[in-house]
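Worksheet for the structure shown next.
Letters go in sequence order (proteins before strands), and every chain restarts at 1. Here the structure is a predicted model, which is why all the values come from computation and not from measurement.
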Amino acid sequence: MSRIVVVGYGPTAHRLVETLVDKGFDGRITVIGEEPRPAYDRVALTSYLSGVTVEDLTYEVPAGVVTRLSSRVTGIDREAREVTLADGATEPYDVLVLATGSAPFVPPVPGAEHAFVYRTIDDLDAIRVAAKDAVEGVVVGGGLLGLEAADALRALGLKAHIVEMSPWLMPRQVDEGGGAVLKSHIEGLGLGVHAGAGVQEIVTADGQVTGLRKPDGTVLDAQVVVFSAGIRPRDELARSSGLAVGERGGIVVDSSMLTSDPSIYAVGECALVGGMVYGLVGPCNTMAEVAADRIMGGSSGFEGADMSSKLKLLGVEVAQFGAMSGALDVTYMDPVGGVYKKLFISDDAKTLLGGICVGDASPYTSLRPFVGKALPASPSDLLFSGAGASLDLPDEAQVCSCNNVCAGDVRTAIADKGVTDVPGIKACTRAGTTCGSCVPMLKQLLEKSGVEVSKALCEHFTYSRAELFDIVRVRKITTFSQLITEHGHGRGCDICKPAVASILASLYNGHVLDGERVTLQDTNDHFLANMQKNGTYSVVPRIPGGEITPDKLIVIGEVARDFGLYTKITGGQRIDLFGARVEQLPEIWRRLVDAGFESGHAYGKALRTVKSCVGSTWCRYGVQDSVGMAIALELRYRGLRSPHKLKSAVSGCARECAEARSKDFGIIATEQGWNLYVGGNGGFKPRHADLLATDLSSEKLIRTIDRFLMFYIRTADRLQRTATWLESLDGGLDYLREVIMEDSLGICADLDAQMENHIATYADEWAATLDDPEKLNRFVTFVNAPGVPDPSIVFASERGQIKPVMAR
Amino acid sequence: MSWTRICDYEAMVPERGVCALVGGEQVAIFRTHDGTLHALGNLDPFSGAYVLSRGIVGSRKGEPTVASPLHKQVFSLVSGRCLDEDAVSVPIYRVRVADGGVEVGG
């Protein structure tokens, strides 16, 4: 076996070639795809509209695999065993795999050619362009993908309607009762739901869509119409090559995924297996794995698939598992809370057959593995008291249906491979890597296996940073000595001392060099400057929002010139002055403070800068005063000590020139106010910030940031940036929103008071240091020769400025 | 043995270091929590910079230590050995209090 050609490059094709490469296939693999890019994650497609990039979504091409992108296969010569491409090229094969996927079904109604579909990156780009000038949008199809599309339209700022033929939404996942609860959720969000309605025509005027006419003649106004009314297998190539296809479409394959030609396999949404076409990622991945195994000489087969699904659409959890009917059923319904849960049970009331959940999908996680098995508790206990959460899963119970991973596989990874966290389980078993709905289950399995991940900060404290923060706060501890005597061991170290210094600073403010606190600081905080590689320091005065007068700019230039400092503009719109010796720092700062500068805290785990674009004052595109907001925020949070450094930026319009989404908290102006993004990061592992809230007033924006920062400061680990903190926060962004915007924990008043205290007690550290002879005494290189500069500090010249020369 | 007076003992902040020039050598002197003095070479062998006196003083399994402020390698204040990398150590110096002053032997 030497040459495999795969037609189609979607997620299923990706899984196939990835499995082949993993299994050690040593021939040539060529993948031919229509789209201009390799396969990408379609499950997360909607996130593309909220800023996730194509690169984020795209799967890496496995090593050695040849790809031909933007290429369409037009014919298969089964005699000669080669495929022909649209450009006339041919590609010979020994084994051919058809992974041509499906196409969205567009009903043949007048005007349909003006509608969009929702499947590819290009489709989303087209919808985004059309939405720019639109006010209303309609999605035809109230299934899983239709609701995704409606959410996307809403995210693009449109008033969205959903038109569904069936009498209720998501008829494949929920029954009528669940559909009613789902409808009230979605209508509550301001979307229009039109169930039991079809489409008569897409109404247009001058080639522009103006609405959608229902069969009863009424017209829904809309400038964008998206069809999401099911899929049709792409079987045209198989058909024209004489392969067997099903009556209603789909390439006929047996359980080994072979078509009617023993050299040709078909996998994914284009395949008709056991009389079924599957459109879910889980079964398609299984097909890819079966085909790969067969190609490598294995004997696995596709035995049908678990069609269970759990998703969160428009903020509503919807889940379905196992059968959707049974001899007996038990229903829990709470129309006030918007929760609907139903279990189907065998006629002897002993076996769980399936379930439906709307508004609370917890039974999915705990009970899906018990489908076809004895009920682990009474149905009422399972539905009402949440008894499901603590059940012990049998080894053979499937935990991750996307990747077909059982509880036993996860337990093996934990026991034999020493895995101690969820990322480890993901790497080892693939569980949780596709839709992520089983991650809570993975956590439970970890906990139950007795894996104890030490939260101890270091050998001196058995507590995590967050726990120490609470101890200090609740017991009102004000010194490190008291804390380590009462709650720790030994005398501390370079890990716990700065961490406790930061906690004390966050809670009580005060000067970081006061009293015993001077002994806790890293050298940067100790000398209020940043140590560089040769033991000299750099100096960064605060330039709020990056706005500076010419006079102040001249002062910085004069100081740099007079002290012979290397000068560089930073990424945070400030100026960094390098090469100062310890004893020069007070002289430098005397000049800077006299000119009205204050510490920029570049040396601290603290707020650094709030960048800004020029904003509406000057920019012809700006919609808000981003500079004014950036300055206000920087002055509000200056000096705020935190678990790690904090960066921010404010952009005056959606062009986002300030790069706010790479910041811990980023603000982007809208016509109505401000959008707030949190948890962004540049650095080692870049991460785009997540949209926390939209169209906030200035006052509400500031209040929300206050709480975000204080909640982070309270609960993060040492040196944990907001990006990783947010990712590890149980419940993620939704939970964060509940805590700081809906006050679900009742701590907002406390967080507000803490921030007010910080602002009220802020004082410039450098000005205070210059006023204190005792603090100034420490700025000396040699305690026994105060006037002597360090002879080991040597500079050479480069591009007209100094650079350090190391002795070796 | 000759002794060089560095500074007043009371001028030393507990759990911090200072640096002194002793016969052309840079010596880092630390006062620990219990009042004991320790002296090491100021050169951080990992970075080549003279900075150990500015590290954080602490303890590891009871042994008093200083961590390099540049890349945080920890050294024993008693033996000068690096506790993170066995093969590396820094010189130690004798240090005493005489007449209320700190003195380094050389």
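With a 6.0 Å radius and a threshold of 12 heavy atoms from other residues, nucleotides or ligands, A/E774 has its CD atom at or below the threshold. More than 12 heavy atoms of other residues, nucleotides or ligands lie within 6.0 Å of CZ in B/R96, so this atom counts as buried by the packing criterion. Atom CG of B/D34 sits in a crowded spot, with more than 12 heavy atoms from other residues, nucleotides or ligands closer than 6.0 Å. Atom CZ of B/R5 sits in a crowded spot, with more than 12 heavy atoms from other residues, nucleotides or ligands closer than 6.0 Å.
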* **A/I495/B/K72 under side-chain contact (heavy atoms from CB on, under 4.5 Å): CA gap, chis, key distance, verdict** => CA-CA 9 Å; A/I495 294 171; B/K72 315 296 179 200; over 6 Å; no
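Contact check for B/T32 versus A/R491: no side-chain heavy atoms found under the 4.5 Å cut-off.
For B/Q26 against A/P791, the heavy-atom pair with the smallest separation is NE2-CD, 4.0 Å. Taking every heavy atom of both residues into account, A/G535 and B/A49 meet most closely at N-CB, 4.1 Å. The two residues A/E459 and B/K61 have their closest heavy-atom pair at OE2-N, 2.7 Å. Closest approach of B/L70 to A/Q532, counting heavy atoms only: CD2-O, 3.7 Å.
Among B/A67, B/G58, B/S59, the residue with the largest count of heavy-atom pairs under 4.5 Å with chain A is B/S59.
With a 4.5 angstrom heavy-atom cutoff, A/H489 does not touch chain B via any of its atoms. Using a 4.5 Å cut-off between heavy atoms, A/K497 contacts chain B through its side chain alone, with no backbone atom that close. Both the backbone and the side chain of B/C19 come within contact range of chain A, judged by heavy atoms closer than 4.5 Å. Interface residue B/P14: only backbone heavy atoms are found under 4.5 Å from chain A. Interface residue B/V74: only side-chain heavy atoms are found under 4.5 Å from chain A.
With rounding to the nearest 0.5 angstrom, the OG1 atom of A/T523 is 6.5 Å from the CZ atom of B/R16. Atom OH of A/Y537 is separated from atom CZ of B/R54 by 4.0 Å, given to the nearest 0.5 angstrom.
A donor-acceptor pair is defined here as one N or O able to donate and one able to accept, closer than 3.5 Å; no such pair exists between the side chain of A/H526 and the backbone of B/I56.
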Using residues 776-787 of chain A as the side-chain source, report each donor-acceptor pair under 3.5 Å to any protein atom, sequence neighbours left out, with the distance given to one decimal.
| residue | atom | partner | partner atom | Å |
| --- | --- | --- | --- | --- |
| A/T781 | OG1 | A/E583 | OE1 | 2.5 |
| A/N784 | OD1 | B/L21 | N | 3.0 |
| A/N784 | ND2 | B/L21 | O | 2.8 |

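The contact list for residues 515-522 of chain A toward chain B, using heavy atoms and a distance under 4.5 Å, reads A/V518, A/T519, A/L520, A/Q521, A/D522 by residue number.
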